[in-house]
Protein chains: 2
Amino acid sequence: MAGHMDAPQARTIKEIAAVAGVSKSTVSRVLNDTPGVSPKARELVLSVIARTGYQPNRAARTLVTRTTGSIGLVVSEPHGRILSDPFFASMVRGATQVVRPLGIHLVLMLAEDQHARDQLLDYLRRGHVDGVLLVSTHAADPLPRILVAERLPAVLSGRPVGRLPISYVDVDSVAGAGLAVEHLVSRGCRRIATIAGPQDMPAGQDRLRGWRKALLARGLPADRELVAYGDFDRGSGARAMEELLARGVDFDGVFVASDLMALDVLAVLREHALRVPEDVGVVGFDDSVAATQARPALTTVRQPVEEMAKALTLSLLDRIGDPDAPITSRIFPPKLIPRST
Amino acid sequence: MAGHMDAPQARTIKEIAAVAGVSKSTVSRVLNDTPGVSPKARELVLSVIARTGYQPNRAARTLVTRTTGSIGLVVSEPHGRILSDPFFASMVRGATQVVRPLGIHLVLMLAEDQHARDQLLDYLRRGHVDGVLLVSTHAADPLPRILVAERLPAVLSGRPVGRLPISYVDVDSVAGAGLAVEHLVSRGCRRIATIAGPQDMPAGQDRLRGWRKALLARGLPADRELVAYGDFDRGSGARAMEELLARGVDFDGVFVASDLMALDVLAVLREHALRVPEDVGVVGFDDSVAATQARPALTTVRQPVEEMAKALTLSLLDRIGDPDAPITSRIFPPKLIPRST
DNA sequence: TTGTAAGCGTTATCAC
DNA sequence: GTGATAACGCTTACAA
């Protein structure tokens with residue numbers, strides 16, 4: 001029992017070296033898995049390290065290696081709105097899972113406006129993080145281009161607009177919309193309306209395109225009349241639904257391009273005493289707890305956000321390790337989650 | 001024009017010193033506002049710094065000062081659930097506003113489970129951040145005690161359970177519940193039910209207590225029959241409402257102890273064709289965009305989360321500056337936000 | 001395979 | 001008031 005008392009609580013590499021009876025360099029080599037250290041010495045050092053609970057000093061390391069051992073999760077969204085989105089929570093979880101076992105830390109940073117963006121860039125240029133996971137959904141966001149131009153290691157969540165040499169992950173929104181439409185068709189729907197997202201976001205464009213494509217493939221109508229636009233925000237879903245109703249559009253199913261918008265659609269329909277079956281036409285692309293957990297009355301198309309975040313983080317680490325690593329993009333298939341009950 | 005070209009882009013204190021024709025020490029003194037440097041020298045150095053866009057190296061600084069220039073925002077919640085709460089977004093915003101102009105960085109950290117908590121503690125013990133803003137709502141959370149015991153600079157969002165020498169901010173939940181009840185009474189309600197929060201959280205306890213207190217002060221009934229319990233989660237609000245209805249409780253107003261729970265309450269009432277006036281009895285304590293923004297049909301009691309976060313951050317900075325700074329607690333008054341429309 | 005020594009960019013302690 | 005100079009804890013040539 002008393003043996004536990006004598007753990008020396010070493011704080012520096014020098015102390016470890018002293019206890020192990022080797023030099024600082026050898027300890028450092030062991031720490032960094034540098035080849036060229038005898039198994040015997042390695043074992044010895046390792047045991048001392050384990051016994052003392054020693055952890056290398058980050059600052060000293062950073063000073064010489066010029067790397068920080070942390071990466072940034074940058075949310076480039078006006079208002080930090082996305083923070084309250086379950087999508088974001090999943091991103092954080094996924095990234096954390098990759099990064100934690102590596103001893104790398106995740107730093108959250110917001111870039112809501114021009115001012116914040118400038119400060120952020122400053123921060124990045126000073127090399128305070130080794131790289132950046134960029135969550136940016138708006139086409140007008142200048143950050144992706146800037147990061148690429150300045151050669152700051154960065155990867156993107158969501159397809160970038162235009163051609164940009166940057167790795168990214170995305171969900172196959174076209175296919176996802178297709179899943180939703182197929183589901184509706186299988187439930188007997190023949191006139192399927194859609195509440196589309198903003199057309200200045202790739203996600204908004206793709207989901208509308210997917211809806212149209214799937215309908216045309218089925219020989220079903222996909223005219224402009226069946227479309228109402230929202231902005232992916234919750235309130236806009238209800239408004240778009242009202243608009244559709246006000247226009248007197250004839251439909252028997254609805255595909256809503258985000259679960260946040262979908263949240264109140266059923267209520268609106270109910271208020272108008274409409275009998276669109278409850279298990280049709282409501283699709284969430286945002287991995288939203290809101291839609292699937294709180295209100296399981298909705299069928300949703302779920303994107304594997306957490307998995308995507310993991311892949312994205314890995315690709316960032318690749319890039320950090322080798323700045324000339326090839327650009328990669330992975331498109332994930334979404335999954336249809338039928339409503340419970 | 002050409003003049004802009006010769007900005008030397010100095011990267012070290014040494015270069016600044018060379019350009020300014022002074023020693024490293026003098027530059028350092030200027031940088032740290034150390035007294036004992038002539039106005040002339042100071043001006044000179046300052047101008048060179050401005051011209052070159054020099055920024056001191058964080059790692060080198062940390063190595064010698066043992067401070068990191070960043071603070072952690074720790075979310076100690078199973079599942080990182082709180083991440084998707086607008087409450088959290090407001091916290092981040094508030095803290096960022098305080099910290100940004102000071103050049104201090106905010107690091108987000110999750111402590112969802114035992115494993116994560118251990119890693120976090122390790123991280124903190126190694127001094128990777130100078131202090132911690134702890135967001136912890138569950139009474140059973142061991143983190144507050146541990147941080148206090150280990151003398152890690154930390155402050156708390158929300159009243160700690162038991163006596164704990166730690167600074168915190170909180171909202172006056174008792175008064176908030178009172179506001180809600182008074183509002184209901186002024187709208188003519190006389191039998192006011194409540195959907196209470198979990199009683200293992202201070203917030204849950206206080207809001208129930210405030211409801212009871214306000215009713216008794218008015219001479220109105222506050223019996224156990226009028227109470228149903230939820231867990232602050234969205235779904236639980238609707239369930240509690242159903243329970244109240246199933247029990248055949250007679251009421252003409254409802255005070256719901258969180259806006260997340262309140263979100264579906266109106267819908268439930270409507271489904272049961274009940275005529276509780278829409279502008280009564282729905283109270284959000286979580287600064288929830290969900291309740292006030294998306295569904296402005298609810299009257300809510302709003303807590304000034306952003307303001308609270310600012311105060312909390314300031315008190316942490318105090319504490320970091322002086323580990324023996326007095327413990328402070330600030331209780332913020334909530335505000336009644338009548339429903340729009 | 002191992003050790004010695006020279007930095008990395010600051011701050012801090014001295015003399016001057 | 002100012003300037004050498006020694007840390008801070010680590011990595012990394014370069015020697016041995």
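Protein chains get the first letters and strands the later ones, always in sequence-line order, with residue 1 at the start of each.
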Quick one: pull up CD1 in Ile104(A) and OG in Ser70(A) and give me the separation to the nearest 0.5 Å. 8.5 Å

Ignoring hydrogens and angles, write down the donor-acceptor pairs under 3.5 Å from the side chains of residues 149-164 of chain B, residues two or more places apart or on other chains.
residue   : atom : partner   : partner atom : Å
Glu150(B) : OE1  : Arg125(B) : NE           : 2.7
Glu150(B) : OE2  : Arg125(B) : NE           : 3.2
Glu150(B) : OE2  : Arg125(B) : NH2          : 2.9
Arg159(B) : NH2  : Asp206(B) : OD1          : 2.8
Arg159(B) : NH2  : Asp206(B) : OD2          : 2.9

Spacing between Gln55(A) atom CD and dC10(D) atom P, to the nearest angstrom: 11 Å

Please find the pair of heavy atoms, one from Thr12(B) and one from Tyr54(B), that lie closest to each other, and give the distance. C-CE1, 3.6 Å

Does the side chain of Met109(B) reach to within under 4.5 Å of the side chain of Val75(B), using non-hydrogen atoms? no

Side-chain contact test, heavy atoms from C-beta onward, threshold under 4.5 Å: evaluate it for Ile13(B) versus Leu31(B) and give yes or no. yes

Answer whether the closest heavy-atom distance between the side chains of Leu147(B) and Leu124(B) falls below 4.5 Å. yes

Report yes if a side-chain nitrogen or oxygen of Arg58(B) is closer than 4.0 Å to either non-bridging phosphate oxygen (OP1 or OP2) of dT10(C); otherwise report no. no

Neighbours of DNA chain D within residues 40-47 of chain B, by heavy-atom distance under 4.0 Å: Ala41(B)

Could you pick out which residue, Arg66(B) or Pro39(B), lies toward the 5' side of DNA chain D when each is mapped onto its nearest nucleotide? Pro39(B)

Minimum-distance nucleotide (side-chain atoms of Ser38(B) versus dT10(C), dC8(D), dG1(D)): dG1(D)

Determine: side-chain N/O of Thr65(A) to OP1/OP2 of dT11(D), distance under 4.0 Å, yes or no. no

Any side-chain N or O of Tyr54(A) below 4.0 angstrom from OP1/OP2 of dG9(D)? no

Salt bridge (Lys or Arg N to Asp or Glu O under 4.0 Å) filter on Arg100(A), not counting sequence neighbours, yields Glu112(B)

Is Asn57(A) near enough to dC8(D) that one of its side-chain N or O atoms lies under 4.0 angstrom from OP1 or OP2? no

Provide, to the nearest angstrom, the distance between the CD1 atom belonging to Ile13(A) and the P atom belonging to dG9(D). 11 Å

Can you tell me how far CE of Met308(A) sits from CD1 of Ile331(A), rounded to the nearest 0.5 angstrom? 8.0 Å

Ignoring backbone atoms, establish whether Thr12(A) has a side-chain N or O less than 4.0 Å from OP1 or OP2 of dG9(D). no

For the residue pair His105(B) and His128(A), does the interplanar ring angle fall in the parallel (under 30°), tilted (30 to 60°) or perpendicular (over 60°) class? tilted

Between the protein and nucleotides 14-16 of chain C, list the N/O to N/O atom pairs that are separated by less than 3.5 angstrom.
none

Spacing of Lys24(A) atom NZ relative to dA6(C) atom P, expressed in whole Å: 11 Å

When we call it a touch if two heavy atoms are under 4.0 Å apart, what does Ser28(A) touch: a base, just sugar-phosphate, or nothing? base

Could you pull out every donor-acceptor pair under 3.5 Å between side chains of residues 309-321 of chain A and any protein atom, sequence neighbours left out?
residue   : atom : partner   : partner atom : Å
Lys310(A) : NZ   : Gln97(A)  : OE1          : 3.1
Thr313(A) : OG1  : Ala309(A) : O            : 2.7
Ser315(A) : OG   : Leu312(A) : O            : 2.9
Arg319(A) : NH1  : Ala325(A) : O            : 2.9
Arg319(A) : NH2  : Pro323(A) : O            : 3.3

Between Ile49(A) (CD1) and dC10(D) (P), how many Å, whole number? 10 Å

Distance col, row Arg42(A):CZ vs Ser47(A):OG, nearest 0.5 angstrom, shows 12.5 Å

Terminal axes of the helix from dT1(C)-dA16(D) to dC16(C)-dG1(D) (five pairs each): angle between them, nearest 10 degrees: 40°

Examine dG3(D): is either OP1 or OP2 under 4.0 Å from a nitrogen or oxygen in the side chain of Ser23(B)? Give yes or no. yes

Distance (rounded to the nearest 0.5 Å) between Thr68(A) OG1 and Arg58(A) CZ: 7.0 Å

Would you classify Thr26(B) as touching base, sugar-phosphate or nothing, given that sugar-phosphate means primed atoms plus P, OP1 and OP2, and contacts are heavy atoms under 4.0 Å? sugar-phosphate

Measure from NZ on Lys14(B) to P on dT11(C) and round the result to the nearest Å. 16 Å

Of Leu63(B) and Ser25(B), whose closest DNA chain C nucleotide lies nearer the 5' terminus? Leu63(B)

Nearest whole angstrom, please: distance from the P of dC8(C) to the CZ of Arg61(B). 19 Å

